[in-house]
Engineer: 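After the structure tokens below, expect a handful of questions from me.
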Amino acid sequence: MINFFSLHSKSIRDRKKPPRSNEVAPEKLKGAVIVLSVFLMIPVLTFTAFTVDIGYISLEKTRLHATADACALAAVSQLPIKADADTIALHYASVNYPFASNVVTSADVEFGVWDESAKTFMPSTSSPTAVRVTAQRSQTNGNPLDLFFAPIFGTANANVSASSIALVDNSNCFTEYGAIAGNKLQIGQGSTLDNFCAYGRQRVELGANAQVINGAKVGSLPVSVIQYENANGLPQNIYREDYRPEMADRVVGLINDIEYSIDLPSEIQFVQTLSSWPPSGGLQAHTAYVVNGSVNMSDGSTLVALNSIIASRGTIHVGQ
């Protein structure tokens with residue numbers, strides 16, 4: 001027996017429902033979505049390229065700037081010997097930026113002077129007192145920065161650079177106020193160096209808990225022989241010109257200059273030359289002492305309080 005109701009219901013279910021006049025057929029809608037997606041891919045890829053590649057460029061610029069800083073500081077420490085400055089700048093570039101070669105070339109190391117009034121670097125090969133180093137990833141140096149998504153739009157790489165300028169410290173640290181030893185400088189346990197420099201040509205030894213503060217510095221040749229234990233202010237207050245080998249010879253000359261009142265700070269008004277320590281009448285302010293022997297001072301705080309220079313051709317021992 002045929003169930004007419006079942007056949008009729010099935011025929012109704014199988015019958016296609018005509019679309020309304022304001023509806024789009026599903027197959028046409030799918031095609032429209034595909035076309036729209038293609039058009040949207042262009043701005044999406046563009047945004048991705050800008051986001052990723054610009055972020056990458058910014059990262060590399062930061063790295064290049066840090067490299068330029070390191071190279072400039074290293075180079076200026078070698079002045080006035082320009083060849084040494086150039087060599088050490090290239091070395092620091094390879095160490096600080098191992099991601100590409102030729103980041104700094106000899107052409108990127110410039111010598112000159114700093115115009116303080118105009119705040120401008122002036123290139124000059126005569127008696128340079130400043131160095132400008134440019135670290136770069138560029139077509140010029142043969143190492144442009146390869147990009148990730150930008151090649152889709154015809155830009156395969158970018159030129160990125162950063163420059164840094166370093167100046168020679170014209171202040172002669174250890175001829176301001178403090179102690180200059182032609183041999184060793186020994187700073188006792190708990191002693192404080194406050195706003196003056198202490199220099200030992202052969203060696204510097206600081207006892208436990210010594211303090212080097214308020215602009216004070218210590219120096220020696222080489223800096224590797226500066227020994228300190230739990231000192232406040234070190235190693236950041238090590239006198240950095242010590243990296244220049246000729247400083248060893250300058251120490252002897254500086255002591256002689258002090259003895260004959262050559263290029264003394266304006267605050268130093270008197271010079272005393274002693275065969276032994278201490279001076280009669282004790283330490284006096286605004287006085288430079290040149291001692292042909294060694295100096296032993298049990299009270300290190302005295303040096304902090306007075307505008308004095310003690311230049312010994314032997315060893316200086318301060319504190320307990």
Side-chain angles (χ1 to χ4, degrees), residues 45-116 118-170 222-224 235-236 238-247:
L45 287 175
T46 302
F47 180 76
T48 302
F50 273 104
T51 302
V52 175
D53 288 335
I54 290 179
Y56 182 45
I57 291 172
S58 179
L59 173 63
E60 291 306 303
K61 191 174 183 66
T62 301
R63 289 172 172 170
L64 289 171
H65 202 286
T67 300
D69 286 346
C71 293
L73 288 170
V76 80
S77 71
Q78 301 301 309
L79 289 181
I81 306 174
K82 295 191 290 293
D84 290 350
D86 183 81
T87 299
I88 199 169
L90 300 186
H91 171 70
Y92 269 68
S94 63
V95 171
N96 285 270
Y97 195 99
F99 313 103
S101 59
N102 295 329
V103 171
V104 175
T105 66
S106 293
D108 299 319
V109 182
E110 302 173 85
F111 301 99
V113 296
W114 178 256
D115 187 336
E116 183 62 30
K119 304 296 182 184
T120 304
F121 176 84
M122 307 291 292
S124 173
T125 57
S126 177
S127 302
T129 58
V131 178
R132 179 168 63 189
V133 176
T134 300
Q136 57 182 316
R137 298 285 303 271
S138 65
Q139 296 287 352
T140 302
N141 284 18
N143 58 359
L145 186 66
D146 294 329
L147 303 177
F148 295 99
F149 291 95
I152 299 174
F153 305 99
T155 303
N157 47 56
N159 295 326
V160 187
S161 66
S163 296
S164 182
I165 299 171
L167 313 179
V168 171
D169 184 4
N170 290 321
V223 291
S224 59
Q236 63 268 34
I238 289 177
Y239 184 55
R240 293 298 170 185
E241 273 202 34
D242 301 338
Y243 288 119
R244 295 169 55 182
E246 64 269 24
M247 291 294 291

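Nothing fancy with the numbering, it's 1 onward along the sequence. Atoms considered below: every heavy atom in the structure, side chains included; atoms not considered: hydrogens, waters and symmetry mates.
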Engineer: Where is the tightest heavy-atom contact between Cys71 and Ala89, given as atom of each residue plus distance?
Structural biologist: SG-O, 3.2 Å
Engineer: Give, for atom CG of Asn102 and atom CG of Leu90, the distance between the pair rounded to the nearest 0.5 Å.
Structural biologist: 9.0 Å
Engineer: Just to verify, which of Asp108, Thr134, Leu64 counts as forming a side chain to side chain contact (heavy atoms under 4.5 Å, CB included) with Ser161?
Structural biologist: Thr134
Engineer: Could you tell me which non-hydrogen atom of Ala130 sits nearest to which non-hydrogen atom of Leu167, and how far apart they are?
Structural biologist: CB-CD2, 3.5 Å
Engineer: Which heavy-atom pair separates Ala72 from Ala166 by the least distance, and what is that distance?
Structural biologist: O-CB, 3.5 Å
Engineer: Filter on salt bridge (charged side-chain N to carboxylate O under 4.0 Å, His left out), then keep only pairs touching residues 47-69, sequence neighbours left out; what's left?
Structural biologist: Glu60-Arg63
Engineer: So, does Arg137 use its side chain to make a donor-acceptor pair with the main chain of Asn143 at under 3.5 Å?
Structural biologist: yes
Engineer: To the nearest 0.5 Å, what is the distance between CH2 (Trp114) and NZ (Lys119)?
Structural biologist: 7.0 Å
Engineer: Using the salt bridge (charged side-chain N to carboxylate O under 4.0 Å, His left out) rule, collect all pairs that involve residues 92-105, keeping only residues at least two apart or in two chains.
Structural biologist: none
Engineer: Considering non-hydrogen atoms only, spot the tightest contact between Ala156 and Pro151 and give its length.
Structural biologist: CA-CG, 3.8 Å
Engineer: For Asp146, which residues count as a side-chain hydrogen bond (donor to acceptor under 3.5 Å, both in side chains) partner, sequence neighbours excluded?
Structural biologist: none
Engineer: Do the side chains of Leu147 and Ile57 get nearer than 4.5 Å, heavy atoms only?
Structural biologist: yes
Engineer: Could you list all the ring pair (Phe, Tyr, Trp, His ring centres under 6.0 Å) pairs where at least one residue sits in residues 52-81, not counting sequence neighbours?
Structural biologist: Tyr56-Phe148
Engineer: Can you sort out the partners of Asn157 under side-chain hydrogen bond (donor to acceptor under 3.5 Å, both in side chains), two or more places apart, ordered by chain and number?
Structural biologist: Gln139
Engineer: How many angstroms lie between atom CG of Asn141 and atom CG of Asn159, to the nearest 0.5 angstrom?
Structural biologist: 9.5 Å
Engineer: Specify the closest pair of heavy atoms between Phe121 and Ile165, including all atoms of both residues, with the distance to one decimal.
Structural biologist: CB-CD1, 3.6 Å
Engineer: For the side chain of Thr120 and the backbone of Ala118, is there at least one donor-acceptor N/O pair under 3.5 Å apart?
Structural biologist: yes
Engineer: Restricting to pairs with a member in residues 81-95, which pass side-chain hydrogen bond (donor to acceptor under 3.5 Å, both in side chains), not counting sequence neighbours?
Structural biologist: Asp86-Ser106
Engineer: Of the non-hydrogen atoms in Ile88 and Ala74, which two are nearest, and what is the gap between them?
Structural biologist: CG2-O, 3.5 Å
